[in-house]
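As the structure is a computational prediction, the values presented were derived from the model and not from experiment.
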Amino acid sequence: MHTRTRSYHHGDLRAALLARAEETLREKGPGALSLRELARDLGVSHAAPSRHFKDKQALLDALALNGFERLTAVLGASQDGVPDKIAEQVDAVVRAYVGFARDNAALLDLMYSIKHDPSASDALLEATQRWSDLVLKIVAEGQARGEVRPGSLEQVALPVFATLHGYADLAVSGMLPQEMDERGLDDVVAFILRGVRP
């Protein structure tokens, strides 16, 4: 009993639950997630997780929110030091997004399934907007420099999002032949750039 008390009060249980839940998600899928099992894995009482998550859905929502926050950080960091040129900006953001998708395939799948749930929280919807705002900003700045065709921002950016997410989905599902996967990102970047240029 002493070990459980010490484990619970050591560090941040909420963060530990999310980290272990993400491991389980990656290894076994969302159906295998259980607050009771997470508590057992972390050596805390079965009631301890309820102090942070009222039920499994709350845990899944928190995982998705955390995922979108991390995705936004990764995409934002991809633009650090990149010249103000659409080709370099698109190349960096595409590689960052696909890299995140490859490293977090199960999490990304969960993120999008929860995002489209009618009961998705406002916080989650705001988090999804933040990452897409980064891509919209790249497109808008490209328009302002004359590197991107004029038109409604959403209309110009929609094919960018569709191509980006579609390629990432193909890459993580193993549907791309090895030889295509190796050069595929270059082709995706070139395709996006052709589509947005004036």
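Taking the side chain as every heavy atom from C-beta outward, E141 and I86 never approach each other to under 4.5 Å. Between L33 and K28, every side-chain heavy-atom pair lies at or beyond the 4.5 Å cut-off. Counting heavy atoms from C-beta outward, D169 and M175 have side chains that stay 4.5 Å or more apart. Here the side chains of V93 and Q79 are in contact, with some heavy-atom distance below 4.5 Å.
For residues 142-167, every residue pair satisfying the salt bridge (charged side-chain N to carboxylate O under 4.0 Å, His left out) rule, not counting sequence neighbours, is listed here: R145-E147. Among residues at least two apart or in separate chains, salt bridge (charged side-chain N to carboxylate O under 4.0 Å, His left out) pairs with a member in residues 67-83 are E22-R70.
Applying the side-chain contact (heavy atoms from CB on, under 4.5 Å) criterion to A105, with sequence neighbours excluded, gives V172. Legend: residues meeting side-chain contact (heavy atoms from CB on, under 4.5 Å) with A58, ordered by chain and number and at least two apart, are F53, K54, D55. Annotation: side-chain hydrogen bond (donor to acceptor under 3.5 Å, both in side chains) contacts of D103 (sequence neighbours excluded): none. Judged as a side-chain hydrogen bond (donor to acceptor under 3.5 Å, both in side chains), and not counting sequence neighbours, R130 has no contacts. R20 pairs by the side-chain hydrogen bond (donor to acceptor under 3.5 Å, both in side chains) definition with E23, D41, not counting sequence neighbours. Annotation: salt bridge (Lys or Arg N to Asp or Glu O under 4.0 Å) contacts of K56 (sequence neighbours excluded): none. The side-chain contact (heavy atoms from CB on, under 4.5 Å) check on D187 picks up R183, with sequence neighbours excluded. For R102, the side-chain hydrogen bond (donor to acceptor under 3.5 Å, both in side chains) partners two or more places apart in sequence, or in a different chain, are D181. Under the rule for a ring pair (Phe, Tyr, Trp, His ring centres under 6.0 Å), the partners of Y112 that lie at least two apart in sequence or sit in another chain are F68, H165. In this structure, the side-chain contact (heavy atoms from CB on, under 4.5 Å) partners of A16, at least two apart in sequence or on a different chain, are L42.
What you find for Y97 and A168 is that their closest heavy atoms are CE2-CB, 3.6 Å. Here the closest heavy-atom approach between residue V196 and residue V160 is recorded as CG1-CG2, 3.7 Å.
Taking the centre of each ring, F100 and W131 stay at or above the 6.0 Å mark.
A donor-acceptor distance shorter than 3.5 angstrom exists from the side chain of S132 to the backbone of Q129, with no hydrogens or angles considered. With hydrogens and angles disregarded, no donor-acceptor distance shorter than 3.5 Å links the side chain of N104 to the backbone of L107.
With respect to R95 and D91, a salt bridge is recorded, a charged nitrogen being found less than 4.0 Å from a carboxylate O.
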* Should E88 and K85 be marked as a salt bridge (Lys or Arg N to Asp or Glu O under 4.0 Å) after you check the CA-CA gap, both sets of side-chain angles, and the distance that decides it? -> CA-CA 6 Å; E88 285 87 347; K85 298 198 179 303; over 6 Å; no

